[in-house]
Amino acid sequence: MLASLTRADTVAATSALRGLLEGLPPEARIALCAHTRPDGDAIGSVAVLYSALTAAGYQATALLADNVGVPQAYRFLPQTTSFVIPSHLDASTVFDLFIALDTPDFARLGEAGAFCKAAKTRVLIDHHPQRNPYTELTIVATDAAATGQLIWGLLPELGLERSAAAARAAYVALVSDTGRFAFSNTDDQVLADAAAMVGAGADPAAIADRLFGTKPLAALKLDELILSRITLENEGAVVASWYRSEDLERLKVSSDWTENLVDLIRVVAGTQAAVLLVEGSRGGRVSLRSGGAFDVSAVAAHFGGGGHFAAAGITWPDKTASCADMLAALLPLLPMGPTA
């Protein structure tokens, strides 16, 4: 089992990162990058650190891991207009410092991984447990609800400003990874940090409207499809549903609107775990959720995935597996309800 690291454990590493930043020459280039298929914490984490570093005069590049743009739901953040896809960089570019955010596994840096390898120095800031270190310096706190929250806490220690722009990005990260402050990772520190972000300029109502209050009709049709395919498994202890990439094409819905779809089904009364299966041309994916009494991250790890106790994901190792195949492999590891 991986050790649990708290924010108190990051003091020395944070001091080392401040030393790295202060020792950089004025022309030094810094890359900031989170994981492929970025969610709110990934985009928010990059945006908050990008704001703070550029405001302090550093030459920072906000780099996406995939050669696709920022998901539509997060484009209201002004920092996202500066995000760059890997294919728009010269392949020979060498960054003086590459800071990976919210990405515990190197493979999840996707197309940006080559720039991480080539960088002179690498740093990871994350709230996920790290299994295979790939950076010289790591700042990991598994007690943080979001990487964006962790970065928000680190800014003063790094000598960086908590601006209004940084506060809005950090709030996006935090509200996303706590499920609007409804998940079991919402604690007193989460609420205190959220209050500080609001005090610094984040507008909770405006952010909630952009993230959760606006959706294209096609995305609602996808929600409807997923709800129509719900099944109860393991004597009612597990709720499951699925969709295929061709469903997105048929409904004309962008993959930008597929984040957190598992939350549609996790609310079924009496269930202990939720499973959303996705069958795509490049292989399958699984999203897992629990109410906090069952460790879905242990199930994900069995198939090479990862995440947290109550929320985890898997990029399925067998690229030819169907949704039915994946569900059959998962169910023996998931909770079982009372038998008749």
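Distance alone, capped at 3.5 Å, places no donor-acceptor pair between the Thr61 side chain and the Leu63 backbone. A donor-acceptor pair is defined here as one N or O able to donate and one able to accept, closer than 3.5 Å; such a pair exists between the side chain of Arg75 and the backbone of Val70. Formation of a donor-acceptor pair under 3.5 Å by the Ser45 side chain with backbone atoms of Gly148 is found in this model. Remark: side-chain polar atoms of Ser15 are not paired, donor with acceptor, to backbone N or O of Ala12 under 3.5 angstrom. Without hydrogens or angle criteria, Asp105 side chain to Arg108 main chain gives no donor-acceptor distance under 3.5 Å. A donor-acceptor pair under 3.5 Å is absent between the side-chain atoms of Asn260 and the main chain of Asp263, judged by distance alone. Between the Glu233 side chain and the Ala240 main chain, no donor and acceptor come within less than 3.5 Å of each other. A distance-only check finds a donor-acceptor pair linking the side chain of Asp66 to the backbone of Arg37 [under 3.5 Å]. Under the 3.5 Å distance criterion, the side-chain polar atoms of Thr135 are matched with a main-chain donor or acceptor of Leu137. Judged by distance alone, the side chain of Thr103 and the main-chain N or O of Ala100 form no donor-acceptor pair under 3.5 Å.
Side-chain contact between Val123 and Thr138 is absent, with no heavy atoms from C-beta onward closer than 4.5 Å. Two residues are said to be in side-chain contact when any heavy atoms from C-beta on lie closer than 4.5 Å; Ile226 and Trp242 fail this criterion. In this structure, the side chains of Leu109 and Cys33 come closer than 4.5 Å at one or more pairs of heavy atoms. The shortest distance between side-chain heavy atoms of Thr271 and Ile265 does not fall below 4.5 Å. Contact annotation: the side chain of His308 never approaches that of Ser297 to less than 4.5 Å [non-hydrogen atoms, C-beta and beyond]. Contact annotation: the side chain of Val238 never approaches that of Leu232 to less than 4.5 Å [non-hydrogen atoms, C-beta and beyond]. Counting heavy atoms from C-beta outward, Pro38 and Pro71 have side chains that approach closer than 4.5 Å. In this structure, the side chains of Val286 and Trp316 come closer than 4.5 Å at one or more pairs of heavy atoms.
With rounding to the nearest 0.5 angstrom, the CD1 atom of Ile314 is 9.0 Å from the CE atom of Met326. Note that OH of Tyr50 and CD1 of Ile99 are 13.5 Å apart. Values are rounded to the nearest 0.5 Å. For the atom pair CZ (Arg7) and CG (Leu150), the distance works out to 7.5 Å, reported to the nearest 0.5 Å. Here Tyr74 contributes atom OH and Arg210 contributes atom CZ; the two are 13.0 Å apart, rounded to the nearest 0.5 Å. In this structure, SG on Cys323 lies 4.5 Å from CD on Glu279, to the nearest 0.5 angstrom. Note that the CG atom of Leu24 and the CZ atom of Arg29 stand 13.0 Å from one another [nearest 0.5 Å].
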Identify all side-chain donor-acceptor contacts of residues 195-204 below 3.5 Å with residues at least two apart in sequence or on another chain.
unit_1 : atom_1 : unit_2 : atom_2 : d
Asp203 : OD1    : Ala205 : N      : 3.2
Asp203 : OD1    : Ala206 : N      : 3.2

Could you go through residues 170-181 and list every donor-acceptor pair under 3.5 Å that involves a side-chain atom there, pairing it with any protein atom two or more places apart or in another chain?
unit_1 : atom_1 : unit_2 : atom_2 : d
Ser176 : OG     : Val172 : O      : 2.7
Asp177 : OD2    : His127 : NE2    : 3.2
Thr178 : OG1    : Leu174 : O      : 2.8
Thr178 : OG1    : Phe181 : N      : 3.0

N/O donor-acceptor pairs under 3.5 Å from side chains in residues 83-92, not counting sequence neighbours:
unit_1 : atom_1 : unit_2 : atom_2 : d
Ser87  : OG     : Asn67  : OD1    : 3.2
Asp90  : OD1    : Ser92  : N      : 2.8
Asp90  : OD1    : Ser92  : OG     : 2.7

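A pairwise comparison of heavy atoms in Pro129 and Pro104 identifies O-CB, 3.6 Å as the closest pair. In this structure, Leu64 and Ala112 approach most closely via the heavy-atom pair O-CB, 3.8 Å. Taking every heavy atom of both residues into account, Ala166 and Val48 meet most closely at O-CG2, 3.2 Å. Nearest heavy atoms, Ala34 versus Ala65: O-CB, 3.4 Å. Here the shortest heavy-atom pairing between Leu97 and Leu17 reads CD2-CD1, 4.4 Å. Nearest heavy atom pair, residue Ala145 against residue Val190, reads CB-CG2, 3.5 Å.
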Practice item. Any chance you could lay out the side-chain contact (heavy atoms from CB on, under 4.5 Å) test for Leu333 and His302, step after step, and finish with the verdict? Key: CA-CA 9 Å; Leu333 303 176; His302 187 82; 3.5 Å; yes

Practice item. Could you please spell out the steps behind the side-chain contact (heavy atoms from CB on, under 4.5 Å) verdict for Val278 and Tyr243? Key: CA-CA 5 Å; Val278 184; Tyr243 69 91; 3.5 Å; yes

Practice item. Starting from the C-alpha separation in whole Å, work towards a yes-or-no answer on side-chain contact (heavy atoms from CB on, under 4.5 Å) for Leu288 and Val262. Key: CA-CA 7 Å; Leu288 298 165; Val262 67; over 6 Å; no

Check your understanding: Could you go step by step and tell me if Ser241 and Leu227 meet the side-chain contact (heavy atoms from CB on, under 4.5 Å) rule?
Key -> CA-CA 7 Å; Ser241 191; Leu227 291 172; over 6 Å; no

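One finds a salt bridge joining Lys120 and Asp96 here, because a Lys/Arg side-chain nitrogen approaches an Asp/Glu carboxylate oxygen to under 4.0 Å. Ion pair Asp247/Arg250 flagged as a salt bridge, since at least one NZ, NE, NH1 or NH2 atom sits closer than 4.0 Å to an Asp/Glu carboxylate oxygen. Electrostatic pairing of Arg18 and Glu22 counts as a salt bridge here, judged by a charged N lying under 4.0 Å from a carboxylate O.
A search for side-chain contact (heavy atoms from CB on, under 4.5 Å) contacts involving Asp223 returns Lys215, Leu220, Leu261, Leu264, not counting sequence neighbours.
Residue pairs meeting the ring pair (Phe, Tyr, Trp, His ring centres under 6.0 Å) criterion with at least one member in residues 104-125, sequence neighbours excluded: Phe106-Tyr134. The list of side chain to side chain donor-acceptor pair (under 3.5 Å) pairs with a residue in residues 144-168, not counting sequence neighbours, reads Asp102-Thr147, Asp126-Thr147, Gln149-Asp193.
A side chain to side chain contact (heavy atoms under 4.5 Å, CB included) with Ile139 holds for exactly one of Thr14, Leu124, Leu158; it is Thr14.
Heavy atoms of other residues, nucleotides or ligands lying less than 6.0 angstrom from NZ of Lys221 number 12 at most.
In summary, the side chains of Gln79 and Thr81 do not present any donor paired with an acceptor at a separation below 3.5 Å, with no hydrogens or angles considered.
Placement of Leu154 and Leu20 within a single hydrophobic cluster is found when ILVMFWY residues are connected by side-chain heavy-atom separations under 4.5 Å, directly or transitively.
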